[in-house]
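So the structure is just underneath, and the comments pick up after that.
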Amino acid sequence: MSRPILIAVLAAPLLAFAAHAFAEEKPVDPYTVSNANAGATPLTETQTFAAFHGKPGLQRIVIDLVQHSVDDPRTRDIFREIDRERLERTLVEQLCYVLNGGCDYTGRDMAAAHKDMGLTTADMGALVENLQRAMDKEGVPFAAQNRLLAKLAPMKRTVVER
Amino acid sequence: MNHCLSRGFVLLVSLALSAAIAAPAAAQIPGVPLEMVNGGKLLLTGGVSNIEGGGGGGLASWATITGYETPEGIGGNVHLTGVKTDDYELRSAGAAVGLFDRLELSFARQDFDTGATGGKLGLGNGFTFRQDVWGAKLKLIGDAVYDQDRLLPQIAIGVQHKSNDQGAIIRAVGGKDDEGTDYYLAATKVLLDKSLVLNGTLRATKANQTGLLGFGGDRNDDYSAQFEGSAGWLVSKRLLIGAEYRSKPNNLGFAKEDDWADLFAAYAVSKRLSITAAYVALGDIATFEKQRGFYLSLQAGF
């Protein structure tokens with residue numbers, strides 16, 4: 001193997017790693033930042049947030065959910081063009097806010113965030129299943145999972161467009 | 001299951017399948033691929049196949065549309081159910097299709113086998129009442145699963161036309177008709193934050209023992225309003241346990257009729273297969289008292 005190729009082979013993973021570590025979110029059109037954008041009122045207790053293992057637990061769940069949804073043939077196309085960095089950050093914020101974990105949600109509202117994505121009820125169902133899978137992996141008890149799903153379920157009316 | 005029932009069952013399954021294949025053309029939304037199986041509903045929140053063929057609990061009819069389809073798809077299932085009490089046996093086989101999570105069409109063939117009790121009743125050992133139940137259910141408003149920020153349940157209206165093949169015996173014991181039609185209004189709500197599934201149904205009916213002993217009687221031949229209630233707790237994604245109650249009229253003079261109750265566990269092996277087991281208390285049936293026993297149902301969906 002010639003030296004330049006060897007360097008390239010060695011450098012590629014490093015570069016990929018660096019690109020990932022320093023990836024920046026793509027810019028979005030300006031919007032008013034508000035917790036109301038989260039689309040649900042927070043829980044009033046804190047046991048559920050604890051059952052999710054706090055913010056680190058939510059981060060693991062969101063990373064698994066997004067990775068699985070990128071790989072899942074049912075949802076792959078939806079996630080193809082998505083700004084993954086931003087999605088993961090805002091999703092953790094949203095779930096943390098809704099679970100009364102003391103976070104602020106800085107993302108767009110549900111209508112703006114899902115506009116023109118053409119989401120169907122089946123897409124929503126697939127995402128819920130992927131979320132359930134990620135929560136199972138994190139070891140979140142079923143009853144606590146349902147307390148979160150109860151908060152997210154009504155968003156279907158906003159995000160499903162057809 | 002006897003030969004004739006098997007044949008009827010196969011016919012039904014083919015009918016259901018052809019309906020499922022033929023129907024989409026008319027209602028398909030342009031640009032949206034129609035899916036036979038998809039994930040629009042959470043496991044078990046749509047109920048299982050009830051004894052009368054439609055979506056519900058074991059004994060009660062719910063407002064949910066059978067199958068796991070979404071507004072863009074078709075779902076459906078076939079079921080086989082057996083109930084064995086101290087003195088009787090009831091077998092039911094049927095099929096149901098859910099169209100676009102809006103309309104449900106169902107059929108069940110029930111064989112009410114009196115076994116040795118038939119001999120004691122003077123009907124002959126193994127005397128069997130056969131009843132066909134044709135059902136249609138239309139979802140009117142609400143979404144049992146997704147409307148978690150509203151109290152409004154999912155509400156549906158339904159009709160069940162029932163036809164019993166033992167008209168002569170029915171009339172001999174004071175029944176007025178071997179055919180009848182039930183009308184019902186059902187409300188189902190999933191309280192996801194509490195992992196509960198609740199249902200209440202009002203039914204206008206003349207049926208004796210849900211029609212297994214005909215319709216109307218010497219004591220009363222008018223429609224009466226009856227109630228069906230179910231409450232279930234989602235223990236896990238796959239397991240729903242709960243109880244049901246179904247009130248019934250008391251139209252026949254020769255034998256008292258009681259309300260029905262059960263304790264059930266429904267387990268979803270997958271979206272395609274679920275098993276329901278129940279302990280049932282069916283009260284007095286045709287002079288034989290306190291009928292209790294077990295209910296087992298297999299449901300395969302597509």
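Please read these numbers as outputs of a predicted model, since none were measured by experiment. A, B, ... follow the sequence lines: proteins, then strands. Residue 1 opens every chain.
- Atom CG of B:Leu202 has more than 12 heavy atoms from other residues, nucleotides or ligands within 6.0 Å.
- For the atom pair CD of B:Gln148 and NZ of A:Lys151, the computed distance is 10.5 Å after rounding to the nearest 0.5 Å.
- The structure places CG of A:Leu152 at 9.5 Å from CG of B:Leu192, a figure rounded to the nearest 0.5 Å.
- Residues B:Val235 and A:Phe142 form no side-chain contact, since every pair of their non-hydrogen atoms from C-beta on lies 4.5 Å or further apart.
- Here B:Lys194 contributes atom NZ and A:Arg147 contributes atom CZ; the two are 9.5 Å apart, rounded to the nearest 0.5 Å.
- When each of A:Gln145, A:Met155, A:Gln132 is checked for heavy-atom pairs under 4.5 Å with chain B, A:Gln132 comes out on top.
- Distance CG/A:Asn146 to CG/B:Leu191: 11.0 Å, rounded to 0.5 Å.
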Test log, rule side chain to side chain contact (heavy atoms under 4.5 Å, CB included), inputs A:Met124 and B:Tyr146: CA-CA 10 Å; A:Met124 179 96 180; B:Tyr146 283 105; 3.8 Å; yes
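- For residues 139-155 of chain B, every residue pair satisfying the salt bridge (Lys or Arg N to Asp or Glu O under 4.0 Å) rule, not counting sequence neighbours, is listed here: A:Arg157-B:Asp147, A:Arg157-B:Asp149, B:Asp101-B:Lys139, B:Asp147-B:Arg150.
- A salt bridge links A:Glu129 to B:Lys271: one of the charged nitrogens lies within less than 4.0 Å of a carboxylate oxygen.
- Taking all atoms of both residues into account, the shortest heavy-atom contact from A:Ala143 to B:Ser195 is CA-OG, 4.0 Å.
- Closest of all the heavy-atom pairs between A:Ala150 and B:Asp193 is CB-N, 3.7 Å.
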